[in-house]
Amino acid sequence: MGWKTHFCFFVMEILEKIVKNNLVGDIRLIDLLHDHKSDYLKITIDSLDDIPIGKTSYIAKCIKNDENLISLFPNGFRLEVGTPGVGSELKHSFQYKKNIGRDIALKYLKSDGASISRVFKLKGSDESGVKVENKNAELFIPYEKITSAKIKVSFD
């Protein structure tokens, strides 16, 4: 690994710490992207409860005014703070809990290694996996077997 890779990794660790220090309540960091060419920061946050726009704005303001971040980018930076959009991948167990009762498009690996892609009704979630239902059959899928999970949104 070259010095640039080490430097980028170091900057991302510092950015992650700064962001996490400015999150309130049960709000968690989902994703953090940094375009080092333009110093653009895109931060995605989520919580078990919906996050009102006012709270998102408050968090963005706190992050933007953080002295550690300002000193890291003396020439300025662009900042975007938001929540996952429709069709975003679920990455954490609390995101599954938040969506119990909804349809979910899952791609997962069976025990023989075969990849399956189906839409299920999300029935439950715990720290080890999800319980889903398809055509009156319930199935438990451990998180480590899930390769992709997105909530299906329909506008009926």
Going through the distances and angles, do Asp31 and Lys91 end up as a salt bridge (charged side-chain N to carboxylate O under 4.0 Å, His left out)? CA-CA 9 Å; Asp31 205 8; Lys91 297 182 177 184; 3.8 Å; yes
Can you list the steps and then say if Gln95 with Ile30 is a side chain to side chain contact (heavy atoms under 4.5 Å, CB included)? CA-CA 10 Å; Gln95 292 178 298; Ile30 300 299; 3.9 Å; yes
Candidate pair Lys150 and Ser88, rule side chain to side chain contact (heavy atoms under 4.5 Å, CB included), full reasoning: CA-CA 6 Å; Lys150 294 180 181 182; Ser88 295; over 6 Å; no
Between Leu90 and Ile104, does the side chain to side chain contact (heavy atoms under 4.5 Å, CB included) criterion hold? Intermediate values first, please. CA-CA 10 Å; Leu90 301 183; Ile104 184 169; 3.8 Å; yes
Start with the C-alpha distance between Tyr108 and Thr147, add both sets of side-chain angles, then the distance that settles side chain to side chain contact (heavy atoms under 4.5 Å, CB included), and finish with yes or no. CA-CA 5 Å; Tyr108 65 98; Thr147 58; 5.6 Å; no
Walk me through it: do Lys17 and Glu13 pass the test salt bridge (charged side-chain N to carboxylate O under 4.0 Å, His left out)? CA-CA 6 Å; Lys17 186 175 181 178; Glu13 282 184 341; over 6 Å; no
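We find the CG-OH distance between Asn22 and Tyr58 to be 8.5 Å, quoted to the nearest 0.5 Å. How far NZ of Lys98 is from OH of Tyr96: 14.0 Å, rounded to the nearest 0.5 Å. In this structure, the separation between CG on Asp103 and CZ on Phe120 is 11.0 Å, given to the nearest 0.5 Å. Of the inter-residue distances, the one linking Ile141 atom CD1 with Lys131 atom NZ reads 12.5 Å to the nearest 0.5 angstrom. Atoms NZ and CZ, on Lys42 and Arg78 in that order, are 11.5 Å from each other to the nearest 0.5 Å. Leu33 CG to Met12 CE: the interatomic distance, rounded to the nearest 0.5 Å, is 6.5 Å.
Put simply, the side chain of Arg102 reaches to within 4.5 Å of the side chain of Asn99, judged on heavy atoms. Side-chain contact between Lys97 and Leu48 is present, with heavy atoms from C-beta onward closer than 4.5 Å. By the 4.5 Å heavy-atom criterion applied to side chains, Asn134 and Lys121 are not counted as neighbours. Ser38 places a side-chain heavy atom less than 4.5 Å from the side chain of Asp35. By the 4.5 Å heavy-atom criterion applied to side chains, Leu41 and Ile63 are not counted as neighbours.
For the pair Ser47 and Asp26, the tightest heavy-atom approach, listed with the atom from each and the gap, is OG-OD1, 2.7 Å. For the pair Lys145 and Ser111, the tightest heavy-atom approach, listed with the atom from each and the gap, is NZ-CA, 4.3 Å. Asp39 and His34 make their closest contact through OD1-NE2, 3.2 Å (heavy atoms, listed as atom of the first residue, atom of the second, distance). Here the shortest heavy-atom pairing between Tyr143 and Ser125 reads OH-OG, 2.7 Å.
Each of Ile43 and Tyr40 belongs to its own hydrophobic cluster when Ile, Leu, Val, Met, Phe, Trp and Tyr are linked at side-chain heavy-atom distances under 4.5 angstrom. Residues Val130 and Phe94 do not share a hydrophobic cluster, defined by chaining ILVMFWY side chains whose heavy atoms lie under 4.5 Å apart. Under a hydrophobic-cluster definition in which Ile, Leu, Val, Met, Phe, Trp and Tyr are linked whenever side-chain heavy atoms come within less than 4.5 Å, directly or via other members, Leu15 and Leu29 are assigned to the same cluster. Taken together through direct or relayed side-chain contacts under 4.5 Å among Ile, Leu, Val, Met, Phe, Trp and Tyr, Leu32 and Ile14 form part of one hydrophobic cluster. Linking ILVMFWY side-chain heavy atoms closer than 4.5 Å, directly or via other members, places Val24 and Ile45 in a single hydrophobic cluster.
For CD of Glu144, the number of neighbouring non-hydrogen atoms (other residues, nucleotides, ligands) closer than 6.0 Å is greater than 12. Atom CG of Asn65 is surrounded by more than 12 heavy atoms from other residues, nucleotides or ligands within 6.0 Å.
Panel note: side chain Thr83, backbone Asp46; no donor-acceptor pair is recorded below 3.5 Å. A side-chain donor-acceptor contact under 3.5 Å links Glu89 to the backbone of Ala149.
Take Asp126 and apply the side-chain hydrogen bond (donor to acceptor under 3.5 Å, both in side chains) test, not counting sequence neighbours, and it matches Ser128.
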